[in-house]
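Structure first, commentary second.
In what follows, every chain begins at residue 1, and chains take the letters A, B, ... in the order their sequences are listed. Note that these values count all heavy atoms, side chains included, but never hydrogens, waters or copies made by symmetry.
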There are 4 protein chains.
Amino acid sequence: MPRSATDLKPRILAEARRLLVTEGHGALSTRRIAREVGCTAPSIYLYFANKDALVHALVDEGFQLLRAHLEAAHAEAAARPGRSVEALCQAYADFALANPEYYEVMFHLGPAELSRYPKERYRVQRAVLDLIGRAALGPGAGPERTLRTATLIWSSLHGAISLHLAHRIDKSVRGPELLADAVRVAVQAARLEPTLRTE
Amino acid sequence: MPRSATDLKPRILAEARRLLVTEGHGALSTRRIAREVGCTAPSIYLYFANKDALVHALVDEGFQLLRAHLEAAHAEAAARPGRSVEALCQAYADFALANPEYYEVMFHLGPAELSRYPKERYRVQRAVLDLIGRAALGPGAGPERTLRTATLIWSSLHGAISLHLAHRIDKSVRGPELLADAVRVAVQAARLEPTLRTE
Amino acid sequence: MPRSATDLKPRILAEARRLLVTEGHGALSTRRIAREVGCTAPSIYLYFANKDALVHALVDEGFQLLRAHLEAAHAEAAARPGRSVEALCQAYADFALANPEYYEVMFHLGPAELSRYPKERYRVQRAVLDLIGRAALGPGAGPERTLRTATLIWSSLHGAISLHLAHRIDKSVRGPELLADAVRVAVQAARLEPTLRTE
Amino acid sequence: MPRSATDLKPRILAEARRLLVTEGHGALSTRRIAREVGCTAPSIYLYFANKDALVHALVDEGFQLLRAHLEAAHAEAAARPGRSVEALCQAYADFALANPEYYEVMFHLGPAELSRYPKERYRVQRAVLDLIGRAALGPGAGPERTLRTATLIWSSLHGAISLHLAHRIDKSVRGPELLADAVRVAVQAARLEPTLRTE
DNA sequence: CATGAATGAGCGTTCATTCAT
DNA sequence: GATGAATGAACGCTCATTCAT
């Protein structure tokens, strides 16, 4: 049963996301959202307890989308065993580049905002890591090692992505190429990982 | 250069750094700094032209320290050729862990704040990358390839470091170990890099 | 258009006018207005986009009132042709003396504040001048000469009025008498004007 | 015995005057003056008790200059009796146009600043009026009538001048011509004055 | 004679939020 | 379900001024 076409909640979220990415964190104000959406600022409080809750909703959205994106890639890659890590990594990078707004709000929350964010919701983040870890090591590996390997892969990806999104990378280094390389390094990381400590 | 017993400038910088890291970018206000330091807000303008200049000074400080740190490591490692990449990467990671406030300040500026940062000053960041790149490939490599490789190594390191500093990594994955692994992955990345595209 | 019992907008305007006249341009601050009116400073921004807009509203009000006053006088004087300049001049002086706050606000804006005033609105000032000019010369005179004559009359009136309102005139010279004389001089000015240059 | 070439007092006054006219009343701040003069703000307090005193010094300067200017014109015009009013009026207008900075600060002080200005100093203003009045009526006229006539002439001049300096006059009315006309009207005013009331 | 350090007051403005309607 | 009015707190910043040196 769809609500009225003017139902504000999704439009508020959409506008908040748009402002966040196109004008930066500093432009995300309730009044600004309201003006852009065509309602008044207090209306936002009909759908969100406060501004924090709005941002948290954005973060939630982001994690749900990321998980869905990775699960789709995972299912698709099931046919080609032995390659699913590549597929997942590429899917992760694709998501980040396609949705920089989500990625930024998901991972650029400072300690203050983060501490106000209900930890329980971060289980989705764990689920994503499990997905990567199992793709890299198979279901047989112990949970701790799975997590460690997944985290290592994730670090490699996240590094390139976050530097890229923050425009910290020299123009002469093409961003997409760097990301593709980072995916390959992440994959190698998974393979090398057992040997890293013994070297 | 004032030399009152309570010399404010360094205390302002230190407090700004602390606020930025422990309470996030939104808590960095001139009034807050002043309150915490024990002076009045206008006093800040005796030492910094405006808030931007204060933040830029913070970033500059960080890059200068990092460069000094890496150059020291570089000089020290000159004796053991062939190992200088490891040494530099480890030095980079050490710096980040030893000075988390500086590291966060340097890389948590978003594009919005960054756009007001005089580009000329980013030469220090380039210098750091050059150092890493030449350690990895030797002085013979072309500048473009040197930069690309250095950026790849840097990404790998930065990913692990920034996730670690942001407390995004599961407690069961020990941070220092992850970083050590990330260093090794970064080094491998440098070696693998030529083969990455052709594989 | 708000209709609360304490409708702030007119009270803000009135207080702004009062401050501007009794304490000078330097005392006109949003906070001061708010304190005097009994609201908070941000409330002002519910009715005016910014301080400039508030001042412009003040000037506009003044010019509208002046025009209405002069048009009424003009209509009334239509019956006695040949005397309408006197009537208009006297009406002008009457307005200034009866509404010193408005008059001062209209003409005490310096070039700096004036430069931010949308020029389009000055058409009211022109309309007032046209009224005076046509009363002096009749509808047959060319627009340029009409404007020149009107400006000369206006200058004469304005000089006496503004010195009077600024309390620059010695107490032994009775203000109203001076103004009445100034009106007569202004009228003579209109009659003499053609001969002024050739004399 | 001339002070050192860097004697600050005159330079402060000169800079204050310059700021007042080129950037308006709002730009006249102690810090700004100091920066422009090349000293520090507290240095100003070595020569002026406070900012008010500085402005008053400017006003004084202005009135002294105006009086000197008019007295010179008066002396020069002594040879051509019957024409000295014209000469004085023209000298007055010339002074205002040549020194708009002085004229503005002399006559654009708001009631707040004016009330703090020692009235005693306004005797110079009276002296100027006397000069004009006696030129118009000769030394035989009673002091009251002399003052009244002088004030009327002054009003006429001041009206045109202040509108001109405030840029309130339409571009198509050439300022100097308007002022020349105003001088003639003022002179006529003096001649008409006896007849004004009897009409 | 002049300064560097510092301040208290105030500026225009924006913020998230409340609440009666 | 949504609004208009209003607010307290804070923002970055400039002001005139003081005072020990």
Side-chain angles (χ1 to χ4, degrees), chain A residues 3-4 6-9 26-35 37-54, chain B residues 1-9 26-35 38-54, chain C residues 1-9 26-35 38-54, chain D residues 3-4 6-9 26-35 37-54:
Chain A
R3 306 254 175 83
S4 98
T6 61
D7 196 13
L8 277 183
K9 189 166 183 175
L28 188 69
S29 81
T30 53
R31 296 153 83 100
R32 187 74 196 280
I33 295 170
R35 190 199 317 153
V37 152
C39 67
T40 62
S43 295
I44 293 177
Y45 291 83
L46 296 172
Y47 301 99
F48 302 94
N50 49 40
K51 202 191 165 191
D52 259 25
L54 200 165
Chain B
M1 57 187 85
R3 47 195 151 117
S4 81
T6 61
D7 202 6
L8 274 184
K9 189 166 183 174
L28 187 72
S29 80
T30 54
R31 290 154 123 94
R32 184 76 195 281
I33 294 171
R35 191 199 314 151
C39 68
T40 62
S43 291
I44 292 178
Y45 292 84
L46 295 174
Y47 302 97
F48 303 94
N50 48 43
K51 199 192 167 189
D52 266 19
L54 168 59
Chain C
M1 60 188 85
R3 49 198 150 113
S4 80
T6 61
D7 202 7
L8 274 183
K9 190 166 182 174
L28 188 71
S29 80
T30 55
R31 292 157 123 91
R32 183 77 195 280
I33 295 171
R35 190 199 314 153
C39 66
T40 63
S43 291
I44 293 177
Y45 291 82
L46 295 173
Y47 302 96
F48 303 94
N50 48 44
K51 199 192 166 188
D52 265 18
L54 168 60
Chain D
R3 305 253 177 83
S4 98
T6 61
D7 197 13
L8 278 182
K9 189 165 183 175
L28 188 68
S29 79
T30 55
R31 298 153 81 99
R32 186 76 196 279
I33 294 170
R35 190 197 317 153
V37 152
C39 68
T40 62
S43 295
I44 294 177
Y45 292 82
L46 296 171
Y47 301 98
F48 302 94
N50 48 40
K51 202 190 164 191
D52 260 25
L54 201 165

Item to check | side chain to side chain donor-acceptor pair (under 3.5 Å) involving Thr30(B) - partner list, sequence neighbours excluded | outcome: none
How many whole angstroms separate atom [atom1] of [X] from atom [atom2] of [N]?
{"X": "Leu54(A)", "N": "dA16(E)", "atom1": "CG", "atom2": "C1'", "value": "12 Å"}
{"X": "Lys51(B)", "N": "dT14(F)", "atom1": "NZ", "atom2": "P", "value": "14 Å"}
{"X": "Lys9(A)", "N": "dA2(F)", "atom1": "NZ", "atom2": "P", "value": "13 Å"}
{"X": "Ile44(A)", "N": "dA2(F)", "atom1": "CD1", "atom2": "P", "value": "12 Å"}
{"X": "Asp7(A)", "N": "dG1(F)", "atom1": "CG", "atom2": "C1'", "value": "10 Å"}
{"X": "Arg32(B)", "N": "dA9(F)", "atom1": "CZ", "atom2": "C1'", "value": "14 Å"}
{"X": "Arg35(D)", "N": "dT3(E)", "atom1": "CZ", "atom2": "P", "value": "15 Å"}
{"X": "Phe48(C)", "N": "dT13(E)", "atom1": "CZ", "atom2": "P", "value": "13 Å"}

Checklist outcome for this item: Between Ser43(C) and Cys39(C) the two heavy atoms that sit nearest each other are CB-SG, 4.0 Å
Item to check | Minimal non-hydrogen separation, Asn50(D) against Tyr45(D), with atom names | outcome: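 Result for this residue pair: CA-CE2, 3.9 Å.
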Checklist entry - Given dG1(F), is OP1 or OP2 found less than 4.0 Å from the side-chain N or O atoms of Tyr47(A)? => result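 So the side chain of Tyr47(A) is outside the cut-off, no N or O lying under 4.0 Å from OP1 or OP2 of dG1(F).
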Checklist entry - Within the pair Ser29(B) and dC11(F), is there a side-chain N or O less than 4.0 Å away from OP1 or OP2? => result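 Checking dC11(F) against Ser29(B), a side-chain N or O does come within under 4.0 Å of OP1 or OP2.
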Next on the checklist: Taking side-chain contact (heavy atoms from CB on, under 4.5 Å) as the definition, give me every residue that meets it alongside Arg31(D), ordered by chain and number, with sequence neighbours left out.
Outcome noted: Ser29(D), Ala41(D)
Checklist entry - Taking for each residue the nucleotide of DNA chain F bearing the nearest heavy atom, is the 5' side occupied by Ala41(D) or by Tyr45(B)? => result Tyr45(B)
Item to check | Secondary structure string for DNA chain F (Watson-Crick or G-U under 3.5 angstrom, | for other-strand pairs) | outcome: .||||||||||||||||||||
Next on the checklist: Could you work out, with salt bridge (charged side-chain N to carboxylate O under 4.0 Å, His left out) as the rule, every residue matching Arg32(B), not counting sequence neighbours?
Outcome noted: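 Testing Arg32(B) for salt bridge (charged side-chain N to carboxylate O under 4.0 Å, His left out), a comparison that skips the adjacent residues, returns Glu23(B), Glu36(B).
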Check nucleotides 7-9 of chain E against the protein and report each pair of N or O atoms closer than 3.5 Å, with its distance, or say if there are none.
| residue | atom | partner | partner atom | Å |
| --- | --- | --- | --- | --- |
| dT7(E) | OP2 | Thr40(B) | N | 3.3 |
| dT7(E) | OP2 | Thr40(B) | OG1 | 3.2 |
| dT7(E) | OP2 | Ser43(B) | OG | 2.6 |

At under 4.0 Å between heavy atoms, what does [X] touch on the DNA or RNA strands: base, sugar-phosphate, or nothing?
{"X": "Leu28(C)", "value": "sugar-phosphate"}
{"X": "Thr30(A)", "value": "base"}
{"X": "Ile33(B)", "value": "nothing"}

Item to check | 5′-ward residue of the pair Ala49(C)/Ala27(C) relative to DNA chain E | outcome: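 Upstream on the strand: Ala27(C).
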Checklist entry - For residues 37-54 of chain D, which residue pairs qualify under salt bridge (charged side-chain N to carboxylate O under 4.0 Å, His left out), counting only residues two or more places apart or in two chains? => result Asp52(D)-Arg116(D)
Item to check | Criterion side chain to side chain contact (heavy atoms under 4.5 Å, CB included) on Ile33(B) and Leu54(B), from CA distance to verdict | outcome: CA-CA 11 Å; Ile33(B) 294 171; Leu54(B) 168 59; 3.6 Å; yes
Item to check | Check: Leu8(B) and Leu46(B) side chains under 4.5 Å, non-hydrogen atoms | outcome: no
